Amino acid sequence: MARANDAVAAALEEYAELFAMTGGDAFRVRSYQKAAKAIAGFPEDIAATAVRSVPGVGEAIAKKVEEFLTRGSFRQLDDLRGKVPEGVRRLTRVPSLGPKKAVFLFQELGIDSPEALAEAIGQGRLRGVKGFGPKTEANLLHGLEQLEQAGARVDIGTAMDLAEQIIASLDAERIAYAGSLRRMKETIGDIDILAVGPESLMDDFRGMPYVAEVIASGEKKTSVRTTQGVQVDLRLVPAASWGAAMQYFTGSKEHNVHLRELVVKRGWKLSEYGLFDGDRVIAAEREEDVYEALGMPWIPPTLREDGGEIDAALAGELPDLVTVADLRGDLHTHTDLTDGIASLEEMVAAAAARGYSYYAVTDHAPDLAMQRMTLERALEQRERLRRLQADYPDMRLLHGTELNIGPDGSVDWPEEVLAGFDVCVASVHSHFTQSREEMTRRFVAACENPQVHIIGHPTTRRIGRRPPVDADWDEVFRAAARTGTALEIDSAAERSDLPSDLVRRARHHGVRFSIDSDAHSVPGLAGQRFGVGVAQRGWLNADDVINTWPLERLLDFLGR
DNA sequence: GCCGTTTTCGGCCCGACTGTTTTCAGTCG
């Protein structure tokens, strides 16, 4: 069941942003951001909790949240939405453009969207404007390009939260999401929801508080844009053709085109209403029947990209994909010692509740200055973790760290310190714009460090915010395979990193993977389901993933 | 706006980088 937490957090996040843009006090902005983060990371459903009990939520924010929970917004948010055009908010999505410059551009030049900014630059209207020199202009152009590449797509976590919220809000006989979301694609353009139920469902849908705009509405399909700017299509389908509709609307288009070629060869017809031989229905109610009628087992949605899955299915050679149930632990997580929001004790208790055989705490290492890590603090944490171990006889607690890979491939702590950690994840957190050669050398050097077990979020992309770094990935994969360094599939939805296409390529080089949550909160631990989606899209089976292995085998891998 | 074993007022993760500025503002992690 969808929790209200994410919708509340998104509203507070938006308010913080608008408040900052309208000249609000920076410390108050931080209060809203902190509260949003705490609510998103709060383990209970906020709608069923005393809001004040969430750390970081005081009198004023509690009132706003309560109003939001009753009517889907709050007065101050409505006010600011009226003052700052939605497009100006989108301007801050342009990398290198923050709230200050965005508001400046709006007030001084009337630029009210990324599109308008592109036009203004094209017309040379930024020339000579105070604070906008040639370098800034070039950076903005580059940022606009990146934004365009990312498109209006949102990460799968945002889309999944929204889809689950919508599904929970509608009273249908049967309802589910299809499309790229069901295929667990890392970014989602729009959300497709199929439902069986009365036509009044459409009215209910249009009237929901999360609907900002109705784009189109008919008997069978309603399209809306939500307050988060995501398009959602709701389709009513006949109960008798549920399976065919799911098959059709799950896609991908390429998968369906390929499948329909097989259908046509047999003189049949496949549509969202069913698989037909003339007027005779061969399959319609169950999706499995569509595939079985074509002589193959049901194909998992995560494989439906026309990447060889149909031939594999026909040959009976579909991979035995890794699942969430295969995971025995998590090897990359944070606590409030650095930038997490839950304590060590809370995170460990939550991990135990998830039934893990092992669990690694990997707070940031000292070179990420804002985290203020020191060796002393790390060793104190280790002591606390060792003491906690006694309370968890069925779960091995591993003390790890997330190191920073420097520009030359070196990491923060010297070898003798690293040797004291059970798990070392090493990640790039700076110098993103090195040349391909430098970046490749940097990753290869990190792989060759015998103390490094896992390369964290390898491409360092942040969906919609930062492009992946440039490296010769095949070279990196060869180094990882040669040195026995695992590559991480970071499950945090805005990362989804490695991306699935690179996962599949890396697998061909014989690389092992670790599907980690990179959780900064208790609910963050559940994010592994998105990493499993990426892994499935990369055709991984359980054996490819080190944290499906039994404890002994994992310890062996870690060299202990 | 939130929070409290130095505080109910006065602090609030902080340093690096970049471009533009002649002493710093904005952005980012």
Side-chain angles (χ1 to χ4, degrees), chain A residues 11-13 15-39 42 51-66 74 76-77 80 91-106 108 126-143 146-147 334-341 363-374 377 402-407 412 427-434 456-457 460-467 469 490 492 494-495 497 518 520:
Chain A
L12 285 174
E13 198 64 68
Y15 185 66
E17 200 171 339
L18 293 173
F19 189 68
M21 294 177 80
T22 50
D25 174 69
F27 290 115
R28 287 173 65 189
V29 171
R30 272 196 54 77
S31 292
Y32 293 120
Q33 288 172 336
K34 265 173 82 172
K37 199 175 164 190
I39 288 171
F42 196 68
V51 190
R52 284 293 310 261
S53 68
V54 179
V57 176
E59 190 86 30
I61 291 180
K63 269 180 84 173
K64 293 181 177 69
V65 170
E66 277 153 19
F74 53 89
Q76 296 88 339
L77 179 60
L80 289 189
L91 269 179
T92 64
R93 300 278 172 277
V94 179
S96 82
L97 187 53
K100 291 280 178 355
K101 283 182 178 169
V103 166
F104 178 87
L105 288 172
F106 175 54
E108 301 299 315
L126 258 55
R127 301 281 156 74
V129 175
K130 196 182 89 200
F132 290 82
K135 287 272 180 60
T136 299
E137 188 176 309
N139 285 343
L140 287 176
L141 268 179
H142 185 59
Q146 287 171 20
L147 193 68
H334 296 275
T335 74
D336 59 7
L337 183 62
T338 57
D339 57 352
I341 60 167
D363 273 315
H364 288 285
D367 279 4
L368 210 56
M370 67 184 281
Q371 308 296 353
R372 301 199 302 177
M373 178 57 85
T374 60
R377 279 154 63 88
E402 183 183 11
L403 300 162
N404 301 289
I405 306 176
D412 328 35
S427 314
V428 165
H429 291 117
S430 65
H431 301 84
F432 302 117
T433 54
Q434 283 181 316
H457 48 71
T460 82
R461 71 164 175 180
R462 292 180 66 206
I463 291 167
R465 291 178 178 275
R466 186 172 64 214
V469 297
D490 189 312
E494 66 156 14
R495 291 194 184 272
D497 184 12
D518 193 1
H520 288 67

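Letters go in sequence order (proteins before strands), and every chain restarts at 1. Just so you know, these numbers come straight off a predicted model, no measurement behind them.
Put simply, the side chain of A:Arg377 gets close to the backbone of A:Leu337: a donor and an acceptor are under 3.5 Å apart. Put simply, the side chain of A:Gln33 never gets that close to the backbone of A:Ala16: no donor and acceptor are under 3.5 Å apart. Formation of a donor-acceptor pair under 3.5 Å by the A:Arg461 side chain with backbone atoms of A:Val469 is not found in this model. Side chain of A:Asp363 to backbone of A:Thr335: a donor-acceptor contact under 3.5 angstrom is found.
In this structure, the CG atom of A:Asp367 is 12 Å from the C1' atom of B:dG15, given to the nearest Å.
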Pairs under 3.5 angstrom, nitrogen or oxygen only, protein versus nucleotides 7-12 of chain B, please.
none

Expected rows: protein N/O vs nucleotides 25-29 of chain B N/O, under 3.5 Å:
residue: B:dT27; atom: OP1; partner: A:Gly98; partner atom: N; Å: 2.5
residue: B:dT27; atom: OP1; partner: A:Gly98; partner atom: O; Å: 3.1
residue: B:dT27; atom: OP1; partner: A:Lys101; partner atom: N; Å: 3.2
residue: B:dT27; atom: OP2; partner: A:Lys100; partner atom: N; Å: 3.4
residue: B:dT27; atom: O5'; partner: A:Gly98; partner atom: N; Å: 3.4
residue: B:dC28; atom: OP1; partner: A:Ser96; partner atom: N; Å: 2.9
residue: B:dG29; atom: OP1; partner: A:Arg466; partner atom: NH1; Å: 2.6
residue: B:dG29; atom: OP2; partner: A:Arg462; partner atom: NH1; Å: 3.4

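Within the 4.0 angstrom heavy-atom criterion, no nucleotide atom of any strand lies near A:Lys63.
For the pair A:Arg372 and B:dC14, the criterion of a side-chain N or O lying under 4.0 Å from OP1 or OP2 is met.
Along DNA chain B, the nucleotide nearest to A:Pro134 and the one nearest to A:Tyr15 differ in position, and the one closer to the 5' end is contacted by A:Tyr15.
Pair check for B:dG4 finds B:dC9; Watson-Crick or G-U wobble, both atom distances under 3.5 Å.
Checked against A:Leu12 for a side-chain contact (heavy atoms from CB on, under 4.5 Å), the options A:Val57, A:Leu77, A:Ile39 give a single hit: A:Ile39.
Looking at residues 135-143 of chain A, you'll see A:Lys135, A:Thr136, A:Asn139 sit with a heavy atom under 4.0 Å from some atom of DNA chain B.
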